[in-house]
Amino acid sequence: MSECEYIKPEVLEKMENIVIFMCNECGQGSANTAGVARMAYNPAIRIVRVQCTGQVGPIQIMDALSNGADAVACVGCCLGACHFFNGNILSMHRIKLMKKLFKELGYSDQFVNQYTSRAAEGETAVGDFEDIVERLATAIREKRTFKDEC
Amino acid sequence: MNVRIFQFNGCNKCFNETILLKGESKYKVEFIQDPQNWKEEKTDVSVITGFLLPDNKEALNKIKKNSEKVIAYGNCATTGGVFALANQKGHKVSPLNKIIGDSININGCLGEIEELKLEIVDKDLPNLKNLCIVCGRRKTCDYLDDVKRQIDLDDTETCFNDLGYLCNGFVSRECKERCIDYNAPCRGCKPIIERSGIRMLGMFGTLMGNIEVATEHSEKGATDKLADKDDDVTENLPDIVGNFFRFTLPTSGLPKGRIPSNGNLLEDVFTGRLIEELPLISGLLGGDHSISLTLKIIETYEEANNIEVSEQTKKYRHDLLKLENELKKVIHSKDPDQYKKITEEIRKIAGNMNLSNVFFGGFRSQIDGNDNFEDYKTHVFDVVEGTYKNGSVEFTIDPIGIVKEIKIKEG
């Protein structure tokens, strides 16, 4: 696991739950491929299977964050390849607004994000996991996560 | 039966509205403006108005102990209200049920007096519909091409949200104030569901589907991801807290903000808001000074930017100021009939007690059927960066139109 090389153990210890909403098509497909290839990723990651990332909105993200998640990410199909219509793009709009909202309140915008992955390539999913872990580490170092509320 | 009305902090709009309870014969009404020093007496119904701070906890518990029933009246007491926008800067405005455990809520800014009357005598409240069901505008449900910040009065048939103006009607109940009748989108003071702001954010984010969102190549995942840089989506909505959480920030489930405060709660409410929102917010929170404060802000900006206003506009504004002086006298004498008469006259010009009809450059809707509306119709204006000062009000706005600093002198 590459992130262990430069994220200090005390920061990694603070990551208890990272909720990833993965879509049933590309997202979950790539996670399956990664599982078949026995790729390792951070044990804090909790995957929630959804039909499409278009189902995930601010309410679900806030539910996760207020019930103890440190970070939330959505992993959907590649741009233009949503198996329904444009759920991944709509989800991106909403997550972008959430990021702006957190910034306006004085928190980091790094602990929510949206990614895409390819079902045939497990490393795309694992790479996305590494990226969200790295981003969360930045937010923890800056002391600007929701758990740092004063 | 005795009813006691307690006014805590903030504007006294709801407190003044309870003057109308005096006309009822079934109970005796007593007004208490200094609840901290109230000597405890047994009370059947206590009505709490105004916004609440942790310092008020002792007084509130005293009220709860001595009352059969505690009613939170108006948005400030039920959900935090517009003053709770100061929580973005670390203040601790909280709704009544977070302080004393439970309460009966009557939402609205201003809260509806008919609902309060029903609640006092233990009658069921009317089952109010969603605002969109009673709204006269038609929805198209198309994705937006851009979000508009100021109302263009050309189209009065299509849904505000479909035209690109953020309207909170989706998550609100029908109400008496009806900002939508005066070409002002609903501001969401009467939420129909919990965490209405967050839900509206999801709804409006979806509507923005046609607006370009920035993506970038992810090094690790070798696919695309959402980019951190500003894009059309964020530039279209410069103030999300102020637009979506105007009345419900403490009950929205969001943590307390960490933006540095400048110490003054009222100024913290205004800082960070958009210039076109200023008259809307000052109309909400000025109490018995709301009209003069709103007109002061509007006139300061108009004078500095040479926005011309017609004689008719000036006349109506002058009438409003005169009515405000009369209102102050009536509030002092607490005469329900006079109060009703004067507020009705204010409503005729300003639309409602939140002054929805008053705007930069004129009015948003026709006041009198015999007038020529073109005379005093408001129009879309340019946002000009700078510092504006006029007597008791001084504010600085940045190029996007966000208020960076504001100073309001009392009185």
Side-chain angles (χ1 to χ4, degrees), chain A residues 2-3 26 30 54 56-63 65-66 73-75 77-79 86 89-107 109-110 112-118 121 123-132 134-135 144-150, chain B residues 87-90 143-144 193-215 217-245 249 252-260 272 402:
Chain A
S2 58
E3 77 266 21
C26 292
S30 63
V56 183
I59 278 284
Q60 287 77 18
I61 293 172
M62 280 312 299
D63 274 347
L65 288 172
S66 53
C74 282
V75 181
C77 302
C78 287
L79 298 177
N86 59 354
I89 296 283
L90 295 182
S91 175
M92 274 189 185
H93 281 82
R94 296 190 290 247
I95 289 178
K96 188 81 193 180
L97 292 180
M98 293 296 280
K99 276 167 167 280
K100 172 111 201 311
L101 171 65
F102 295 161
K103 247 195 211 164
E104 279 179 17
L105 286 169
Y107 292 89
D109 65 344
Q110 296 289 303
V112 283
N113 211 0
Q114 164 127 6
Y115 299 91
T116 57
S117 71
R118 285 191 282 266
E121 295 168 36
E123 55 271 28
T124 54
V126 176
D128 292 340
F129 296 163
E130 280 175 19
D131 192 78
I132 186 76
E134 198 183 294
R135 279 162 175 266
R144 286 171 70 206
T145 64
F146 275 9
K147 287 186 180 168
D148 297 313
E149 184 194 355
C150 45
Chain B
N87 284 13
Q88 187 187 15
K89 280 109 188 164
Y143 289 133
L144 299 176
I193 39 169
E194 277 182 18
R195 296 189 288 172
S196 60
I198 302 259
R199 284 172 206 270
M200 189 61 211
L201 190 69
M203 168 72 212
F204 205 71
T206 312
L207 265 183
M208 288 169 86
N210 260 5
I211 297 172
E212 183 103 10
V213 63
T215 54
H217 185 72
S218 164
E219 290 293 316
K220 291 202 161 69
T223 49
D224 290 329
K225 68 175 180 193
L226 192 60
D228 278 335
K229 62 172 185 272
D230 280 346
D231 55 16
D232 291 353
V233 174
T234 53
E235 276 161 19
N236 267 309
L237 286 172
D239 176 27
I240 292 182
V241 174
N243 282 334
F244 291 90
F245 302 92
L249 195 53
S252 63
L254 289 166
K256 195 161 65 62
R258 310 206 314 172
I259 306 288
I402 295 176

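In what follows, every chain begins at residue 1, and chains take the letters A, B, ... in the order their sequences are listed. Being a predicted model, the structure only gives us computed values, none of them experimental.
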Original post:
Atom CZ in B:Phe204, atom NE2 in A:His93: separation rounded to 0.5 Å?
Top reply: 11.5 Å
Original post:
Is B:Glu212 atom CD crowded by more than 12 heavy atoms from other residues, nucleotides or ligands, each under 6.0 Å away?
Top reply: no
Subject >> Part of B:Ser252 within contact of chain A (heavy atom distance under 4.5 Å) >> reply: neither
Original post:
Checking A:Ser117 against chain B: side chain, backbone, both or neither under 4.5 Å from a heavy atom?
Top reply: backbone
Subject >> Residues in salt bridge (Lys or Arg N to Asp or Glu O under 4.0 Å) contact with A:Asp109, at least two apart in sequence or another chain >> reply: A:Lys103
Subject >> side-chain contact (heavy atoms from CB on, under 4.5 Å) partner of A:Lys96, the single match among B:Asp230, B:Asp228, B:Leu226, B:Leu237 >> reply: B:Leu226
Original post:
Can you name the nearest heavy-atom pair linking A:Tyr107 to B:Pro255, along with the distance?
Top reply: OH-CB, 3.5 Å
**OP:** Check ring-ring contact (aromatic ring centres under 6.0 Å, His included) between A:Tyr115 and all other residues, then give those that pass, not counting sequence neighbours.
**Re:** none
**OP:** Check step by step if side-chain contact (heavy atoms from CB on, under 4.5 Å) holds for A:Leu101 and B:Leu254.
**Re:** CA-CA 10 Å; A:Leu101 171 65; B:Leu254 289 166; 3.9 Å; yes
Subject >> Minimum-distance pair of heavy atoms, taken over all atoms of A:Asp63 and B:Arg195 >> reply: OD1-NH1, 2.9 Å
Subject >> Full working for salt bridge (Lys or Arg N to Asp or Glu O under 4.0 Å) between B:Lys220 and A:Glu123 >> reply: CA-CA 8 Å; B:Lys220 291 202 161 69; A:Glu123 55 271 28; over 6 Å; no
Original post:
If we ignore angles and hydrogens, is there a donor and acceptor under 3.5 Å between the side chains of A:Arg94 and B:Thr206?
Top reply: yes
Original post:
Within a strict 4.5 Å, meaning less than it, do heavy atoms of the B:Val233 and A:Met92 side chains meet?
Top reply: no
**OP:** Starting at CG of B:Asp224, measure out to SG of A:Cys77 and round the result to the nearest 0.5 Å.
**Re:** 13.0 Å
Original post:
About how many Å separate CD of B:Glu219 and CD of A:Glu130, when rounded to the nearest 0.5 Å?
Top reply: 12.5 Å
Original post:
Which bit of A:Gln110 comes within less than 4.5 Å of chain B, counting heavy atoms only: side chain, backbone, both or neither?
Top reply: side chain
Original post:
Looking at CG of B:Leu201 and CE of A:Met98, how far apart are the two atoms once the value is rounded to the nearest 0.5 Å?
Top reply: 6.5 Å
Subject >> Ionic contact status for B:Lys225 with A:Asp131, cut-off 4.0 Å >> reply: yes
Subject >> Toward chain A, the part of B:Asp239 with a non-hydrogen atom under 4.5 Å >> reply: both
Subject >> Side chain, backbone, both or neither of B:Leu207 within contact of chain A (heavy atoms, under 4.5 Å) >> reply: neither
**OP:** Begin with the C-alpha distance, continue with both residues' side-chain angles, and end with the deciding distance and a verdict on side-chain contact (heavy atoms from CB on, under 4.5 Å) for A:Asp128 and B:Thr223.
**Re:** CA-CA 9 Å; A:Asp128 292 340; B:Thr223 49; 4.2 Å; yes
Subject >> Portion of A:Phe102 that has a non-hydrogen atom of chain B nearer than 4.5 angstrom >> reply: side chain
Original post:
Do any N or O atoms from the side chain of A:Thr124 and from the backbone of B:Gly221 form a donor-acceptor pair under 3.5 angstrom?
Top reply: no
Subject >> Contact origin within A:Leu79 toward chain B - heavy atom pairs under 4.5 Å >> reply: side chain
**OP:** Give the member of A:Ile59, A:Ile89, A:Leu90 that has the highest number of heavy-atom pairs under 4.5 Å with chain B.
**Re:** A:Ile59
Subject >> chain A contact via B:Tyr143 - which portion, at a heavy-atom distance below 4.5 Å >> reply: side chain
**OP:** I would like to know whether B:Phe245 and A:Leu105 meet side-chain contact (heavy atoms from CB on, under 4.5 Å); could you show each step before the answer?
**Re:** CA-CA 12 Å; B:Phe245 302 92; A:Leu105 286 169; over 6 Å; no
**OP:** Step by step, work out the salt bridge (Lys or Arg N to Asp or Glu O under 4.0 Å) result for B:Asp231 and A:Lys100.
**Re:** CA-CA 11 Å; B:Asp231 55 16; A:Lys100 172 111 201 311; over 6 Å; no
